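Since the structure is predicted, the reported quantities are computational estimates derived from the model, not experimental observations. Residue indices begin at 1 and follow the sequence shown.
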Amino acid sequence: MDAVDHINVDVDDLEACYPFYRDRLDLDLLRPPSDFQGEHAMFDVGGTVVTLAETGRADGWGGRIEHPLDKAHVAFETGRDDYERFLEELGGQFPKQGPYDWDEFEGFYFLDPDGNLLEVITYDPVPGDIDRSLLTHDDV
């Protein structure tokens, strides 16, 4: 394998999820829902296509999660400044959401409007003016 070409994220409500991925996560839009006969939207994330697909087959579990490793997820990498902004905006959704010290990087988990689990990570070091506890592998 050379790369991940695309990832499909199954959603129940494209109307709620589309602006979340476009505006809140600031993903680069490739094709809006209006380009498709079905309910889809496509974004580019560092050369990988992320497609939202309203197929009617989403879990519909409604965001009930105790720990992020309870559900598969898609992780997005970003720089420290955007990471901190996302953490502030999307934190506090469920227990053990993070942030985590994953040795090589720091990451935290959050839910999109449809309850899909996502993660944002950064490889950038923590600036000296940020003092917070990080969860570790032992907290999993």
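Remark: Glu88 CD is loosely packed, at most 12 non-hydrogen atoms of other residues, nucleotides or ligands lying under 6.0 Å away. In Asp131, the CG atom is not crowded: 12 or fewer heavy atoms of neighbouring residues, nucleotides or ligands sit closer than 6.0 Å.
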Would Leu135 and Asp101 satisfy side chain to side chain contact (heavy atoms under 4.5 Å, CB included), going step by step from the backbone distance to the final call? CA-CA 6 Å; Leu135 298 173; Asp101 176 356; over 6 Å; no
What do the steps show when you test Tyr123 against Glu77 for side-chain hydrogen bond (donor to acceptor under 3.5 Å, both in side chains), and what is the final call? CA-CA 8 Å; Tyr123 287 91; Glu77 179 189 345; 5.4 Å; no
Would Leu118 and Leu25 count as a side chain to side chain contact (heavy atoms under 4.5 Å, CB included) here? Give the steps. CA-CA 11 Å; Leu118 305 174; Leu25 299 183; 3.9 Å; yes
Are Leu87 and Arg132 close enough, and set up right, to give a side chain to side chain contact (heavy atoms under 4.5 Å, CB included), and what steps lead you there? CA-CA 12 Å; Leu87 181 60; Arg132 69 169 158 254; 3.6 Å; yes
Could you give me the CA-CA distance, side-chain angles and deciding distance for Leu90 and Arg24, then say whether side chain to side chain contact (heavy atoms under 4.5 Å, CB included) is met? CA-CA 10 Å; Leu90 300 167; Arg24 293 285 305 270; 3.2 Å; yes
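Tyr21 and Met42 are assigned to two separate hydrophobic clusters, defined by single-linkage of ILVMFWY side chains at heavy-atom distances under 4.5 Å. Hydrophobic clustering, with ILVMFWY side chains joined whenever heavy atoms are under 4.5 angstrom apart, groups Phe76 together with Leu52. Each of Leu30 and Leu14 belongs to its own hydrophobic cluster when Ile, Leu, Val, Met, Phe, Trp and Tyr are linked at side-chain heavy-atom distances under 4.5 angstrom. In terms of hydrophobic clustering, with Ile, Leu, Val, Met, Phe, Trp and Tyr side chains grouped at heavy-atom distances under 4.5 Å, Val49 and Leu27 are assigned to different clusters. No path of Ile, Leu, Val, Met, Phe, Trp and Tyr side chains, each step under 4.5 Å between heavy atoms, connects Leu134 with Ile121, placing them in separate hydrophobic clusters.
With hydrogens and angles ignored, the 3.5 Å screen pairs no side-chain donor or acceptor of Asp114 with any backbone N or O of Asn116. A donor-acceptor pair under 3.5 Å links the side-chain atoms of Thr122 to the main chain of Thr78, judged by distance alone. Judged purely by atom type and a 3.5 angstrom limit, Arg80 uses its side chain to pair as donor or acceptor with the backbone of Asp124. In this structure a side-chain-to-backbone donor-acceptor pair under 3.5 Å is missing from Glu39 to Ala53. The main-chain N or O of Asp28 is never found under 3.5 Å from a side-chain atom of Asp44 such that the two would form a donor-acceptor pair.
The two residues Gly107 and Trp102 have their closest heavy-atom pair at N-CD1, 4.2 Å. Shown here for Pro99 and Glu106, the closest heavy-atom pair between the two residues is CB-OE2, 3.7 Å. Looking at every heavy atom in both residues, Pro113 comes nearest to Ala16 through CG-O, 3.7 Å. Summarising the geometry of Gln93 relative to Leu111, their closest heavy-atom pair is OE1-N, 2.5 Å, with the distance given to 0.1 Å.
Aromatic rings from Phe86 and Phe108 are positioned such that their centres are separated by 6.0 Å or more.
You'll find the side chain of Tyr109 stays beyond 4.5 Å of the side chain of Val120, heavy atoms only. Contact check for Glu54 versus His40: no side-chain heavy atoms found under the 4.5 Å cut-off.
Remark: Thr48 engages Val4, Ile7 in a side-chain contact (heavy atoms from CB on, under 4.5 Å) (not counting sequence neighbours).
Both the sub-6.0 Å distance and the 45° axial angle are satisfied by Arg31 relative to the ring of Phe36. A cation-pi arrangement is found for Arg22 relative to Tyr18, the charged atom lying closer than 6.0 Å to the ring centre and inside a 45° cone about the ring normal.
Note: His73 NE2 to Phe110 CZ = 10.0 Å, rounded to the nearest 0.5 Å.
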